[in-house]
Amino acid sequence: MPDQNGKKIVFSGVQPSGNLTIGNYLGAIKNFSRFSDEYKTFYCVVDLHSITVRQVPAELRRRTYETLALYMACGLDEKKNTLFVQSHVPAHAELGWILDCYTMFGELSRMTQFKDKSAKNAENINAGLFTYPSLMAADILLYQTDVVPVGIDQKQHLELARDVAMRFNQIYSDTFTVPEGYIPTETMKIMSLSDPTSKMSKSDPNQNSVVYILDSKDDVMRKFKRAVTDSDSTIRYSEDKPGVSNLMTIYRAFTGKSFEEIEREFDGKGYGDFKMAVGEACADGLAPVRDEFARLIADKAHLEAVMKAGAEEAAFYARKTLSKVKRKIGFVV
Ligand code: ATP
Ligand code: LTN
């Protein structure tokens, strides 16, 4: 639903649950700024989501600042985008509870992220991990969001948010905009460098599987040098060559070259040369983000001012939806 200036609305979020990876960058954050001019954009650091997995308090606090600084270093101007921290706008938790009551146990049980994360955290399968998608639905629906840019791993959650919105609208008449996903096909899933059949994830304990946005050039080069490929030696994009295909996807994202151009460029060359080139392209592409991040993270007062202004702006929009929801349900407001 357009805002008061007639702009459509974009919302997305990233958890401050670890150091951000090139998966987060290519699959999500890098695409955020393309909406800044034509849409009203809300980009949130979703700290409430991150405590579904146990966090060390000092690290959570540090990463919350860092995630905000990374948003800005990736080109999100705080004057053109509403940048804020989820726990600073209590309406998220409030609508999250309400939507829990419109989300079915069976629906939540089918979520693959819940199944994966509960297998990985068998000692802490808490209720928040299970109801995580209704809080994510609340994030999105609070702002009457039209478009949600995310990686493909979030498609199932997004569909649940749409189902919950339609269910609520059907019970109480039109209340929520039903959001659409924006999933960039070129980079929808960057895979782990040591196991190219699983997603590159910031919570992967094996540091060599993951390239972080803030890795030094030496680290980037070392990780690509060790990346798993195959026993063949041709650089060709193919489903039966997941390691090489993943490296080609990363190379394409940083250079803008097509798969055919890449195949031609490395025709007759070995994996060693190719991995060096991917490492160089990735490190060069990340260098300006790293420099900008270093500048921003040094000014905590500025980051605090940005998150405060962002939360005030977001709360204004969120309050409108929340009071509409409460009235429709029959709460005395
Ligand atoms: P965790 O490892 O803690 O589950 P994550 O790395 O999946 O976290 P999130 O904060 O959950 O990161 O995701 C932020 C955004 O980055 C989401 O839109 C998600 O779809 C996207 N994303 C995460 N990993 C990848 C990846 N490997 N490829 C493409 N997009 C990704
Ligand atoms: N669930 C997402 C993070 C997230 C999000 C959102 C993304 C929380 N709320 C709202 C888009 C819109 C994740 O795990 N990547």
Side-chain angles (χ1 to χ4, degrees), residues 9-20 24 28-29 32 35 40-72 74 76 78 81-100 103 111 113-114 117 126-145 147-151 153-154 157-158 160-161 164-165 176-177 179 181 202-203 300 303-323 325:
I9 299 186
V10 168
F11 183 98
S12 196
V14 174
Q15 302 184 64
S17 53
N19 297 326
L20 298 195
N24 300 128
I29 305 176
F32 290 176
F35 297 100
K40 169 82 188 157
T41 52
F42 294 91
Y43 295 119
C44 184
V45 179
V46 289
D47 56 349
L48 297 175
H49 277 98
S50 70
I51 62 163
T52 53
V53 174
R54 206 63 79 222
Q55 304 290 335
V56 176
E59 286 181 13
L60 176 59
R61 201 168 293 120
R62 173 174 59 79
R63 284 179 175 142
T64 301
Y65 284 99
E66 288 179 356
T67 307
L68 181 75
L70 264 175
Y71 275 171
M72 295 161 73
C74 291
L76 294 176
E78 72 273 22
N81 305 273
T82 304
L83 308 177
F84 71 106
V85 176
Q86 188 185 29
S87 65
H88 294 178
V89 181
H92 288 253
E94 260 190 278
L95 185 63
W97 166 256
I98 292 174
L99 295 185
D100 275 346
T103 310
M111 295 293 121
Q113 181 171 303
F114 172 69
K117 291 215 170 170
N126 59 70
L129 194 63
F130 188 64
T131 61
Y132 178 113
S134 19
L135 180 60
M136 176 162 161
D139 299 340
I140 297 168
L141 303 182
L142 262 181
Y143 298 93
Q144 304 293 349
T145 303
V147 183
V148 186
V150 278
D153 59 306
Q154 295 303 310
H157 289 164
L158 199 63
L160 184 65
V164 171
F176 296 123
T177 301
K202 61 171 121 78
S203 49
K300 221 169 159 187
L303 293 173
E304 281 167 356
V306 170
M307 55 175 89
K308 185 162 179 283
E312 278 169 18
E313 169 87 2
F316 171 79
Y317 282 82
R319 248 194 316 269
K320 283 208 279 196
T321 302
L322 190 62
S323 69
V325 166

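Every value quoted in this text rests on a predicted model; they were computed, and no experiment measured them.
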Kindly compute the distance separating [atom1] ([X]) from [atom2] ([Y]), expressed to the nearest 0.5 Å.
X: Leu303; Y: Tyr65; atom1: CG; atom2: OH; result: 8.0 Å
X: Arg62; Y: Thr67; atom1: CZ; atom2: OG1; result: 9.5 Å
X: Glu59; Y: Ser50; atom1: CD; atom2: OG; result: 11.5 Å
X: Asn81; Y: Glu313; atom1: CG; atom2: CD; result: 11.0 Å
X: Tyr43; Y: Phe84; atom1: OH; atom2: CZ; result: 12.0 Å
X: Glu66; Y: Leu20; atom1: CD; atom2: CG; result: 8.5 Å

Donor-acceptor pairs under 3.5 Å, side chain of residues 128-144 to any protein atom, not counting sequence neighbours: which ones?
unit_1: Thr131; atom_1: OG1; unit_2: Ala127; atom_2: O; d: 3.2
unit_1: Tyr132; atom_1: OH; unit_2: Gln15; atom_2: NE2; d: 3.0
unit_1: Ser134; atom_1: OG; unit_2: Asp100; atom_2: OD1; d: 2.6
unit_1: Ser134; atom_1: OG; unit_2: Thr131; atom_2: O; d: 3.0
unit_1: Asp139; atom_1: OD1; unit_2: Gln86; atom_2: NE2; d: 2.9
unit_1: Asp139; atom_1: OD1; unit_2: His92; atom_2: ND1; d: 2.8
unit_1: Asp139; atom_1: OD2; unit_2: Gln86; atom_2: NE2; d: 3.3
unit_1: Tyr143; atom_1: OH; unit_2: His92; atom_2: NE2; d: 2.9
unit_1: Gln144; atom_1: OE1; unit_2: Thr177; atom_2: N; d: 2.9
unit_1: Gln144; atom_1: OE1; unit_2: Thr177; atom_2: OG1; d: 3.2
unit_1: Gln144; atom_1: NE2; unit_2: Thr175; atom_2: O; d: 3.0
unit_1: Gln144; atom_1: NE2; unit_2: Thr321; atom_2: OG1; d: 3.4

| request: List the steps, then state whether side-chain contact (heavy atoms from CB on, under 4.5 Å) holds for Phe176 with Val164. | output: CA-CA 9 Å; Phe176 296 123; Val164 171; 5.9 Å; no
Between [X] and [Y], is any pair of side-chain heavy atoms under 4.5 Å apart?
X: Leu322; Y: Ile98; answer: yes
X: Val89; Y: Phe42; answer: no
X: Lys117; Y: Thr52; answer: no
X: Leu83; Y: Leu68; answer: yes
X: Pro149; Y: Phe35; answer: yes

| field | Arg63/Ser17 under side-chain contact (heavy atoms from CB on, under 4.5 Å): CA gap, chis, key distance, verdict | value | CA-CA 7 Å; Arg63 284 179 175 142; Ser17 53; over 6 Å; no
| Minimum heavy-atom separation for Thr82 to Gly310, with atom names? |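 Where Thr82 meets Gly310 most closely, the heavy atoms are CG2-O, 3.4 Å.
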| query | Going through the checks in order, is the side-chain contact (heavy atoms from CB on, under 4.5 Å) test met by Phe32 and Cys74? | reply | CA-CA 9 Å; Phe32 290 176; Cys74 291; over 6 Å; no
| Ion pair present between Glu312 and Lys308, side-chain N to carboxylate O less than 4.0 angstrom? |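 Salt bridge: yes.
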| task | For side-chain contact (heavy atoms from CB on, under 4.5 Å), just list the numbers for Leu60 and Ile51, CA-CA rounded to whole Å, side-chain angles, deciding distance to a tenth of an Å, and then say yes or no. | result | CA-CA 9 Å; Leu60 176 59; Ile51 62 163; 4.1 Å; yes
| In a check of side chain to side chain contact (heavy atoms under 4.5 Å, CB included) between Val14 and each of Val150, Ile29, Leu70, which one passes? |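 So, applying the side chain to side chain contact (heavy atoms under 4.5 Å, CB included) to Val14 and each of Val150, Ile29, Leu70, only Ile29 qualifies.
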